Amino acid sequence: MAEDLQAVARLLFEAGTLKQARRTGWWMAGVRDPESVAEHAWRTSLMASVIAQLEGADPARAALMAVWHDSQETRTGDVNYLGKKYTPSADPEAVTADQTAGMPDVLASAVRGWVAEYEAKESPEAVCARDADKLECLLQGIEYLSQGYENAQRWIDNSRARLVTETGRRLADELLGQGSLDWLRAALGEES
């Protein structure tokens with residue numbers, strides 16, 4: 001068992017690189033220091049649990065898929081949509097299989113299964129996790145827009161158009177109708 005955990009330990013170190021890996025599409029919008037892949041994955045996971053709960057799906061399973069949805073970027077980097085036009089995309093399932101090689105089978109097969117389910121886009125939880133990915137991009141775009149990055153509007157519009165769940169679309173509309181600090185005003189009991 002100790003030998004099997006060496007591969008797990010390596011993946012945990014590897015996962016830490018996502019804290020420094022930047023979401024590269026935001027550079028095209030002029031954002032100097034965009035969010036990291038890890039920051040994106042965290043809020044996507046939170047959103048996946050919310051969307052899934054409201055859609056009647058399993059929130060824990062949706063959040064789990066969202067945690068792993070960009071984990072392959074430790075090896076491929078964050079390739080934005082323009083980059084994908086010129087570079088063939090790596091197969092997330094193949095990357096995950098490589099990342100989990102040598103791990104205890106019970107863990108490796110579980111991680112591979114979560115990624116495969118997310119990529120298949122068929123289960124209600126995968127649909128919710130994928131909507132969360134788009135909704136998080138929309139919300140990040142709203143925040144960047146409020147910081148003066150006017151080109152973020154393109155990411156907001158594209159993300160909104162790609163939402164498929166009723167909850168995702170309704171949340172997008174609610175987010176678009178609020179300011180990025182309305183939550184603070186409400187928490188302080190101030191009028192908006």
Side-chain angles (χ1 to χ4, degrees), residues 15 18-71 73 77-84 114 117-119 121-192:
L18 294 177
K19 294 193 296 184
Q20 286 79 41
R22 298 291 161 207
R23 304 248 304 150
T24 62
W26 292 118
W27 285 325
M28 289 179 220
V31 178
R32 287 179 185 254
D33 186 25
E35 67 176 334
S36 72
V37 173
E39 290 166 325
H40 163 71
W42 176 81
R43 189 157 63 177
T44 298
S45 300
L46 184 74
M47 291 176 156
S49 68
V50 168
I51 293 170
Q53 183 68 40
L54 294 173
E55 287 285 315
D58 181 346
R61 188 162 189 83
L64 187 58
M65 280 185 264
V67 165
W68 289 94
H69 87 282
D70 281 341
S71 60
E73 292 181 10
D78 177 52
V79 181
N80 59 56
Y81 286 108
L82 179 60
K84 289 178 183 179
W114 301 328
E117 184 177 350
Y118 179 84
E119 293 301 323
K121 309 172 191 172
E122 294 174 356
S123 71
E125 292 78 12
V127 171
C128 292
R130 295 183 81 81
D131 252 23
D133 183 33
K134 294 164 187 66
L135 190 64
E136 200 287 326
C137 187
L138 178 142
L139 179 51
Q140 187 64 62
I142 292 170
E143 291 170 341
Y144 286 147
L145 195 63
S146 74
Q147 294 170 20
Y149 296 106
E150 64 188 44
N151 292 327
Q153 188 64 51
R154 177 183 176 90
W155 280 257
I156 295 167
D157 296 341
N158 288 340
S159 297
R160 173 63 179 89
R162 295 170 59 208
L163 294 167
V164 298
T165 64
E166 178 66 23
T167 300
R169 289 190 297 266
R170 289 181 60 212
L171 272 171
D173 293 342
E174 189 60 44
L175 291 167
L176 289 165
Q178 291 190 23
S180 63
L181 288 181
D182 284 357
W183 70 270
L184 179 60
R185 290 181 194 91
L188 294 173
E190 299 172 358
E191 289 187 33
S192 17

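The structure presented is a predicted model; accordingly, all values stated were derived computationally and were not measured.
When all heavy atoms are compared, the tightest approach of Pro59 to Ser49 is CB-O, 3.3 Å. Across every non-hydrogen atom of Ala129 and Ala48, the tightest pair is CA-CB, 3.9 Å. Heavy atoms only, all atoms of each residue included: Ala126 and Lys121 are closest at CB-CA, 4.3 Å. The two residues Asp58 and Ala60 make their nearest non-hydrogen contact at OD1-N, 3.0 Å.
Between the side chains of Gln140 and Arg43, at least one donor-acceptor pair of N or O atoms lies under 3.5 Å. Between the side chains of Glu117 and Ser123, a donor-acceptor pair is found at a separation under 3.5 Å. With no hydrogens or angles considered, a side-chain donor-acceptor pair links Ser36 and Glu39 at under 3.5 Å. Residues Gln178 and Glu174 have side chains that bring a donor and an acceptor to within less than 3.5 angstrom of each other. Between the side chains of Asp78 and His40, no donor-acceptor pair of N or O atoms lies under 3.5 Å.
Around atom CD of Glu150, no more than 12 heavy atoms belonging to other residues, nucleotides or ligands sit under 6.0 Å away. Atom NZ of Lys19 has 12 or fewer heavy atoms from other residues, nucleotides or ligands within 6.0 Å. Annotation for Trp27: atom CH2 counts as buried by contact number, over 12 foreign heavy atoms lying within 6.0 Å.
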Derivation and outcome, side chain to side chain contact (heavy atoms under 4.5 Å, CB included), residues Ser45 and His69: CA-CA 9 Å; Ser45 300; His69 87 282; 6.0 Å; no

Worked verdict on Leu135 versus Leu175 for side chain to side chain contact (heavy atoms under 4.5 Å, CB included): CA-CA 9 Å; Leu135 190 64; Leu175 291 167; 3.8 Å; yes

Glu55/Thr167 under side chain to side chain donor-acceptor pair (under 3.5 Å): CA gap, chis, key distance, verdict: CA-CA 7 Å; Glu55 287 285 315; Thr167 300; 2.6 Å; yes

Pair Leu171-Val50, side chain to side chain contact (heavy atoms under 4.5 Å, CB included): steps then yes or no: CA-CA 10 Å; Leu171 272 171; Val50 168; 4.3 Å; yes

Stepwise side chain to side chain contact (heavy atoms under 4.5 Å, CB included) check, Val164 with Lys134: CA-CA 10 Å; Val164 298; Lys134 294 164 187 66; over 6 Å; no

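Here the straight-line distance linking atom CG of Leu64 with atom OH of Tyr118 works out to 13.0 Å at 0.5 Å rounding. Distance check, rounded to the nearest 0.5 Å: CG of Asp70 to CG of Leu18 gives 8.0 Å. Here the CE atom belonging to Met65 is positioned 8.5 Å from the SG atom belonging to Cys128, to the nearest 0.5 angstrom. Expressed to the nearest 0.5 Å, how far OG of Ser71 lies from CH2 of Trp114 amounts to 10.5 Å. Put simply, OH on Tyr149 and CZ on Arg32 are 6.5 Å apart, with the number rounded to the nearest 0.5 Å. In this structure, the separation between CE on Met47 and CG on Leu139 is 4.0 Å, given to the nearest 0.5 Å.
The ring pair (Phe, Tyr, Trp, His ring centres under 6.0 Å) check on Trp26 picks up Tyr144, Trp155, with sequence neighbours excluded.
In terms of modelled atom types and a separation under 3.5 Å, the side chain of Arg185 and the main chain of Glu190 share no donor-acceptor contact.
Using a cut-off of 4.0 Å between Lys/Arg side-chain N and Asp/Glu carboxylate O, Asp157 and Arg160 are scored as not salt-bridged. Remark: Arg130 does not engage Glu125 in a salt bridge, criterion side-chain N to carboxylate O under 4.0 Å.
Screening Asp131, Val127, Leu163 for a side-chain contact (heavy atoms from CB on, under 4.5 Å) with Ile51, the sole residue that qualifies is Asp131.
Looking at Met28 and Asn80, their side chains come closer than 4.5 Å, going by heavy atoms from C-beta outward.
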